[in-house]
Amino acid sequence: MDIKASLAGEIAKAVGLDGAEVLDMLETPPDPKMGDAALPCFKLAKTMKMAPPKIAEEIMGKLQKPEYIAEIRVAGGYLNFFYDKTFYVKTVMGEVLAAGTDWGKAKIGAGKTIVIDYSSINIAKPFHIGHLSSTAIGSALYKIYSYLGYDVVGVNHLGDWGTQFGKLITAYKHWGSDDEINKNSVSAMLELYVRLHKEAEQDESLNDEGRAWFKKIEDGDEEALRIFEWFKELTLNEAKRVYDRLDVQFDSYAGESFYNDKVGAVVDELKEKNLLEESDGAYVVRLDEHKLPPAIILKSDGATLYATRDLAAAKYRHQTYDFDKNLYVVAYQQNLHFKQVFAVLEKMGYGWADKCEHVAFGMVSLEDGTLSTREGKVVFLEDVLNAAVEKTLAIINEKSPELENRAAIAEDIGVGAVIYSTLSQSRIKDITFSFDRVLNFDGETGPYLQYCHARCNSVVERAGERNAKMDYSVLENDEAMAVIKLLESFPQVLVSATEKNEPFYVTRHITDLAQACNKYYFEHKIIDDNEEQTNTRVALTKAVRDVLKRGLSLLGIKAPDKM
RNA sequence: GCGCCUGUAGCUCAGUCGGAUAGAGCAACGGCCUUCUAAGCCGUGUGUCCGGGGUUCGAAUCCCUGCAGGCGCGCCA
């Protein structure tokens, strides 16, 4: 049952207000000593023409105390409610235990489709730390939406189109070696790419050559396509390794090249709808009424642009998936771009334009400045993962040398630490990447949560098979109550995370849960010789373990049973 | 110049609907392993919530304005 909602209903009945309105007013006091729920009465002062403390008293007098409320107190303008601990603990624990590992699972998304565009790496370019945010945020949203019953379509909108591929082929033709490329794949391509930019500063003809090779790709030239597909395959193979480690999946790899034969229709449609306007030789859609600069649809040489392809992609996604939300997990650099694309869709008369949303996140930079592929100034994500796993393995060898499957556990913890670091703050914040920070495993970190999970698991295993006889009174203490409240609100946190597209809400919540659990663990012995009380404390431990594991898995982080 | 975002403890960040005494982690120092995993727990203290106005019973939160930083502003993606 939803105690808060029920309480709101009772209050509403007593005062003659709307239940939903009261629920909206109800809040949680800053300190549990002040109560479990509070009604601030200040807003009622105007309509009731009384001082807030008087109102609080008035309501207290009229209210028939429900069974789940132990005490009601007036504190200034607040009316504070104390739950009946016995009732509360029994009710919440009953629900959580019944749900088991599926606590928080819901069907609210049934029949609704969410398209999420995330990661979207570029072919022939390194999979670097700059891609981690989009990949981790998008993947976490994918998992959370799915858990709430939505049909989710994960799209890796590959950057596989543009003159840079012509340039790359040029560089390959001049200086490339097949062996080198097969061996080092993206690193070798990056080297060629960097070299071309350098040499083109002296020799402008290299750029012309690049454009010519790209034209060949466009025209379907056999050799150009063969080389391009080869590069693409090597890049995706390399990316696949990282995706597997991060537990990231996609349902579609339809990238820019996929929409190449679909942009023409969009241009025609814009013309038919009289939205296209010639401007300095280019064709644009004016967006004055949206207070936005015009969106360029066609270059003066007739070629299409990024925005044109995104329009085609949005249309395609709508036709193919009939989405309820179409999310783009892309850095905030592209704020204006997406505003323009969505505005053009609206002008085209598509009512679903408002279902498109840019899920923006902050920039990643290095301590000594911006990442730059062109200058070769990048940190490969794989290197970060490897460093984290290596450090983890060293810690395990020191702390738990007898542990089995050390390599596999180190992998889960190291990778988890990296994912956690990027999902541990609101997505809009910029991140200055630092190995020191990512490789810190103390305090609020992935390993902290995994450790708490493993410790809970260890206790549950040690306790062995238990029967169902419970004595819930053993959980009526501050530490257990704090844990139970966090367990209770886990489902609502998942919903909030989807409403705001903020996986970080989940990260924070399960971090709080681990903290509360650690406090409980320190204060209370779980296994003792009182059978029913032990059953109950073990059940709480199990519930925490399962929710931690579920929460971590929704973020893409594994939870080893031992560490 | 214009637009968007950010500004909270030495550092990195929470603070979801305007609510009670603004909180965590890191770093520093001190304590806690004979007892369920010490990657843990407890303790010590620091705030011009960027500045200035305003709205409100009440503002870190809303509005206006100034400052600082980031990003973006037609043929790159």
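Values below: all heavy atoms of this structure, side chains included; hydrogens, waters and symmetry mates excluded. Note that this is a predicted model, so its numbers are computed, not measured.
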Distance, C1' atom - from B/C33 to B/C42, rounded to whole angstrom: 14 Å
Pairwise P distance, B/A24 and B/C67 [rounded to whole Å]: 36 Å
A/E278 atom CD: more than 12 heavy-atom contacts under 6.0 Å: yes
A/K562 side, atom NZ; A/N405 side, atom CG - distance, nearest 0.5 Å: 10.0 Å
Partner nucleotide of B/G3 by Watson-Crick or wobble geometry (both distances under 3.5 Å): B/C71
A/H157 ring center near A/Y259 ring center (under 6.0 Å): yes
Nucleotide-resolved protein contact map, nucleotides 56-64 of chain B, B/S/- at heavy-atom distance under 4.0 Å: -B-------
Anti or syn - B/C33, cut at 90° from 0: syn
5' precedence on RNA chain B between A/I395 and A/T432 (nearest-nucleotide basis): A/T432
Nucleic acid footprint by protein, nucleotides 68-75 of chain B - heavy-atom cut-off 4.0 Å, B for base, S for sugar-phosphate alone: --SSSSBB
Residue list, ring-ring contact (aromatic ring centres under 6.0 Å, His included) with A/H358, at least two apart or on another chain: A/F338
Length of the line joining A/K429:NZ and B/C5:P, which is rounded to integer Å: 14 Å
Distance, P atom - from B/A59 to B/A68, rounded to whole angstrom: 28 Å
Donor-acceptor side-chain pairing of A/R455 and A/N518 below 3.5 angstrom: yes
P atoms of B/U61 and B/U6, separation to the nearest Å: 13 Å
Who pairs with B/C49 - Watson-Crick or G-U, where each distance is under 3.5 Å: none
Under the ring-ring contact (aromatic ring centres under 6.0 Å, His included) test, residues paired with A/F361 that sit two or more places apart: none
Base paired to B/U44 (Watson-Crick or G-U; both N/O distances under 3.5 angstrom): B/A28
Syn/anti state for B/C63 [syn: chi within 90° of 0]: anti
Euclidean distance for C1', B/G15 against B/A22 (whole angstrom): 8 Å
Touch class at under 4.0 angstrom, heavy-atom based, for A/F441 against every strand present: base
Pairing partner (Watson-Crick or G-U wobble, both distances under 3.5 angstrom) of B/C57: B/G19
Touch class at under 4.0 angstrom, heavy-atom based, for A/H524 against every strand present: base
Whole-angstrom distance between B/G58 and B/C62, as gauged at atom C1': 13 Å
Pair A/F258 + A/Y316: ring centers closer than 6.0 Å: yes
Whichever of A/A37 and A/Q164 has its nearest RNA chain B nucleotide further upstream toward 5': A/A37
Reading 5' to 3' through nucleotides 24-29 of chain B, protein heavy-atom contacts under 4.0 Å coded B for base, S for sugar-phosphate only, - for none: SSS---
Options B/U37, B/A39, B/G15, nucleotide nearest the side-chain atoms of A/F504: B/G15
Nearest to side-chain heavy atoms of A/F522, which nucleotide of B/U37, B/C41, B/A77: B/C41
C1' atoms of B/C57 and B/A14, separation to the nearest Å: 28 Å
Pairing partner of B/C76 (Watson-Crick or G-U wobble, both distances under 3.5 Å): none
Donor + acceptor pair across side chains of A/S120, A/D117 (<3.5 Å): yes
Exercise: do A/Y520 and A/N477 side chains pair donor with acceptor under 3.5 Å: no
Residues within residues 400-427 of chain A bordering RNA chain B, heavy-atom distance below 4.0 Å: A/I413, A/Q425, A/S426
Pair partner, B/U37 [Watson-Crick or wobble, under 3.5 Å]: none
Straight-line distance of A/N156 CG to A/Y118 OH, nearest 0.5 Å: 8.0 Å
ring centroid sep under 5.5 Å plus plane angle under 30, A/Y78 with B/A20: yes
Heavy-atom donor-acceptor pair, A/D512 side-chain to B/A14 base, under 3.5 Å: no
